[in-house]
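Chain naming here is simple, since letters A, B, ... match the order of the sequence lines and numbering starts at 1 in each. Predicted, not measured: the structure shown is a model, and the values here were computed from it.
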Amino acid sequence: MPTLEQRINDCLVPVFHVLESGSDPVLRPSEHADFQVNGVMGLAKRLGVKPREVAERIVNEVDFAGLIETVEIAGPGFLNLTVSERAFVEQLEMIASDEHLGVPNATAPEVVVVDYSAPNVAKEMHVGHLRSTVIGDSLCRMLEFTGNRVIRRNHIGDWGTPFGMLIEHLIDQGEDAAVANLSMGDLDGFYREARTKFDADDVFRDRSRQRVVLLQGGDAETLRLWGILVQESIQYFGAVYQELGITLSEADVVGESSYNDMLDDVVADLDAKGLLVDSDGALCVFPEGFVNRDGEPLPVIVRKSDEGYGYAATDLAAIRDRVSNLSADRLLYVVGSPQAQHFAMCFAVATMAGWLNDQVVAEHVAFGNVLGPDRKMFKTREGGTVKLKVLLDEGSERARAALAERASNDGDRDHIAHQLAMGAIKYADLSTDRQRDYVFDWDRMLAFEGDTGPYLQYAHARICSIFRRGDDLPVGGPIILGEPAERALALQLTGFADAVASALDVLSPAKLCTYLFELAQSFTSFYESCPVLKAPDRTIMASRLTLCRLTASTLQVGLDLLGIEAPEQM
RNA sequence: GCACUCGUAGCUCAACGGACUAGAGCAUCUGACUUCGGAUCAGAGGGUUGGGGGUUCGAAUCCCUCCGAGUGCACCA
């Protein structure tokens with residue numbers, strides 16, 4: 001189903017193309033009207049004609065098929081368009097009858113592999129994993145909602161030298177005791193103890209090193225012990241995902257170790273393509289355009305001089321696997337911006353190898369840091385990392401306290417507090433542009449005022465309460481947009497599909513956040529000035545109820561795309 | 001040193017090369033119906049968009065340069 005904006009654009013395009021083939025009307029939402037056309041000036045310049053003349057010609061020739069009420073030429077050559085009531089009503093009826101609320105499926109659906117979250121085995125999930133997890137999950141939801149096939153990949157850190165000491169520590173503790181420890185979620189404690197012994201105890205250090213050799217050599221007993229660590233950690237991650245409402249499941253966990261068997265093939269493939277260079281014993285690829293401090297070419301080290309493999313090899317194997325075995329059209333990596341160069345280089349190598357090309361693309365969906373109140377990396381008062389679990393629990397606790405202040409003795413308060421807290425945390429994260437750092441501030445995100453998750457949830461809950469309060473409510477009937485606030489709400493409601501599209505276009509849920517906030521604002525304005533249950537007559541009441549219902553659905557679906565729940569009461 | 005990201009109101013953030021007043025939210029101030037849930041709404045003040053050049057009919061946006069912050073730059077991930 002085309003959006004209103006698309007339909008209007010479709011009316012303009014033929015006229016623009018008569019004047020210059022391929023030209024774009026540059027139709028945009030406007031402060032001066034419902035939409036404005038910005039493309040006239042550029043076109044006029046290229047044609048060497050006065051903008052106003054071009055504007056007049058377009059106005060005379062365009063057929064808006066009843067979508068547009070008035071067209072005005074303004075300023076140097078803008079066209080200000082006012083949408084007709086009939087067009088709004090038609091569009092709203094289409095949206096209301098569509099379970100996707102008018103959001104069209106992608107014209108060319110893709111297989112998209114989204115790599116996100118990626119915590120480390122035997123390490124606590126901390127605030128540093130929050131953004132990847134929350135942003136990645138929202139992107140998955142939006143991609144699926146628009147008809148793409150999404151394959152989630154949780155690339156957990158389950159391999160490498162630290163596992164020598166972790167396994168030895170597991171042996172020292174005894175399996176049962178260790179499992180009991182780990183299942184309580186005290187992953188950091190376990191890791192710290194192992195580390196302390198490793199640093200202090202020579203014998204333990206030697207054992208750890210030998211254990212790494214056994215692990216890499218595929219020793220069955222060592223692998224069994226390793227598997228315990230991995231399994232316990234995955235269980236724990238799952239619990240955190242559940243609390244936070246993340247759609248990752250155990251089936252999506254494909255850790256670093258999963259690629260071990262493919263690493264030799266990666267080397268062989270790159271070698272066959274003549275890309276490998278021996279540099280001080282390491283097998284490297286030197287993609288163009290990357291230099292080190294001294295201006296010398298910078299390598300991607302595929303195999304280390306000790307014949308071991310590093311993370312670059314794993315990431316290359318993952319690209320190759322996702323392209324050839326998963327038939328991906330698109331690879332997304334929701335990973336912090338410090339990894340930008342690493343991914344740029346891996347993608348460059350993968351392109352040299354022919355794994356990536358015009359049809360199969362990889363993108364690093366980079367994001368900034370979560371900062372503390374001091375504008376530095378968010379840490380605990382003691383300077384340690386902030387455990388995600390602790391953070392989530394604190395949020396629920398704070399939300400519960402805030403709810404208690406507002407009385408209402410709901411038995412469901414704990415549940416609602418949890419929904420509010422998760423919504424607040426996620427919205428605060430998602431509503432800031434990915435690339436920027438953002439300051440984690442409980443008071444702001446849970447203030448329940450302004451541009452926050454709870455404000456959107458509140459708007460939704462208020463609408464639900466209208467339907468709870470009224471009895472014998474009229475259903476159906478024509479939509480009437482008599483009041484300016486009704487019209488403004490209608491305009492906003494018709495923009496949902498465009499908002500989803502633009503969020504996906506730049507892979508930034510923040511765009512959808514902005515849209516939903518504006519929708520909530522349009523709704524509350526409408527709600528103040530247009531009585532629903534006390535409407536002048538049943539016809540207007542029915543029309544307003546339809547607007548309410550559609551707003552509630554849009555908020556609910558929109559929030560769901562952000563991974564945020566929309567409770568009916570709060 | 002080189003590369004990437006960022007710099008917009010007191011604070012947190014928008015703005016897809018477009019318009020007469022660069023928008024919101026928080027905070028501040030002023031109002032509003034003894035409320036279809038006030039966790040609200042209406043309004044006010046608050047800005048040489050880090051500085052300086054340039055391209056353009058038009059620049060927060062593009063280019064150059066300088067300043068500031070963060071990050072990365074060979075066998076850790």
Side-chain angles (χ1 to χ4, degrees), chain A residues 26 28-32 36 38-39 41-42 44-45 51 74-78 80 118 120 157 159-162 256 279-284 289-306 308-312 314-315 336-342 344-345 366 368-369 371 375-377 402-403 405-406 408 420 428 431-433 435-439 441 443-445 447-452 454-455 457-459 461-470 502 505-506 510-511 513-514 517-518 521 524-525 527-535 544 548 569-570:
Chain A
V26 196
R28 295 288 135 87
S30 175
E31 287 175 42
H32 306 281
Q36 64 183 48
N38 297 337
M41 277 87 74
K45 184 176 183 185
F78 296 98
N80 290 342
N120 292 309
W159 202 251
T161 47
E256 292 167 354
S279 175
D280 299 333
L283 297 181
C284 304
F290 297 93
V291 293
N292 67 12
R293 287 169 208 283
D294 305 319
E296 292 154 0
L298 197 59
V300 171
I301 296 171
V302 182
R303 201 182 71 186
K304 299 186 286 181
S305 51
D306 67 1
Y309 290 106
Y311 72 125
T314 313
D315 281 335
S337 30
Q339 305 273 2
Q341 183 174 271
H342 165 68
M345 293 178 77
N369 291 315
L371 305 178
R375 304 234 54 186
K376 301 213 164 125
M377 290 288 283
L403 278 180
E405 272 180 33
R406 282 164 227 275
S408 102
L420 286 177
S431 62
T432 299
D433 182 84
Q435 302 275 2
R436 293 174 66 137
D437 297 345
Y438 82 96
V439 176
D441 181 342
D443 291 335
R444 190 169 340 103
M445 71 178 75
F448 301 1
E449 283 152 1
D451 189 5
T452 66
Y455 173 83
Q457 291 171 318
Y458 176 63
R462 278 171 113 188
I463 303 173
C464 293
S465 102
I466 295 174
F467 290 99
R468 265 199 312 277
R469 289 182 69 100
S502 77
D505 186 42
V506 290
K511 302 270 180 195
C513 292
T514 302
F517 178 61
E518 283 168 359
Q521 280 190 316
T524 43
S525 281
Y527 185 81
E528 291 289 325
S529 59
C530 302
V532 178
L533 297 179
K534 293 174 193 159
R544 289 182 180 167
C548 287
Q569 294 184 58
M570 55 190 271

Rounded P spacing from U8(B) to G47(B) in Å
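After rounding to an integer number of Å, I get 15 Å for this pair.
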Partner nucleotide of G25(B) by Watson-Crick or wobble geometry (both distances under 3.5 Å)
C11(B)
Is the ring of F517(A) stacked on the base of G25(B), with centres less than 5.5 Å apart and planes under 30° off?
no
So if I take every side-chain heavy atom of [X] and compare against [options], which nucleotide ends up nearest?
X       : options                : result
E528(A) : C41(B), G25(B), G72(B) : C41(B)
N369(A) : G70(B), G72(B), G18(B) : G70(B)
M41(A)  : U12(B), C2(B), G18(B)  : G18(B)
S465(A) : A39(B), G37(B), A19(B) : G37(B)
S525(A) : A42(B), C76(B), C26(B) : A42(B)
K511(A) : A15(B), C75(B), A19(B) : A15(B)
D280(A) : C73(B), C13(B), C75(B) : C75(B)
A74(A)  : G72(B), A19(B), C41(B) : A19(B)

Looking for any heavy atom pair under 4.0 Å, which part of the strands does [X] touch: base, sugar-phosphate only, or nothing?
X       : answer
A461(A) : base
R544(A) : nothing
A340(A) : nothing
G42(A)  : base
R469(A) : sugar-phosphate

Can you see if the side chain of Q521(A) gets near the phosphate of G25(B) - specifically, an N or O under 4.0 Å from OP1 or OP2?
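Answer yes for this pair, as a side-chain N or O of Q521(A) is under 4.0 Å from OP1 or OP2.
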Would you say R303(A) places a side-chain N or O within less than 4.0 Å of OP1 or OP2 belonging to C75(B)?
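So the side chain of R303(A) is outside the cut-off, no N or O lying under 4.0 Å from OP1 or OP2 of C75(B).
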Within the 4.5 Å heavy-atom criterion, are S431(A) and Y438(A) side-chain neighbours or not?
no
What's the shortest heavy-atom distance between I301(A) and A312(A), and which atoms?
O-CB, 3.6 Å
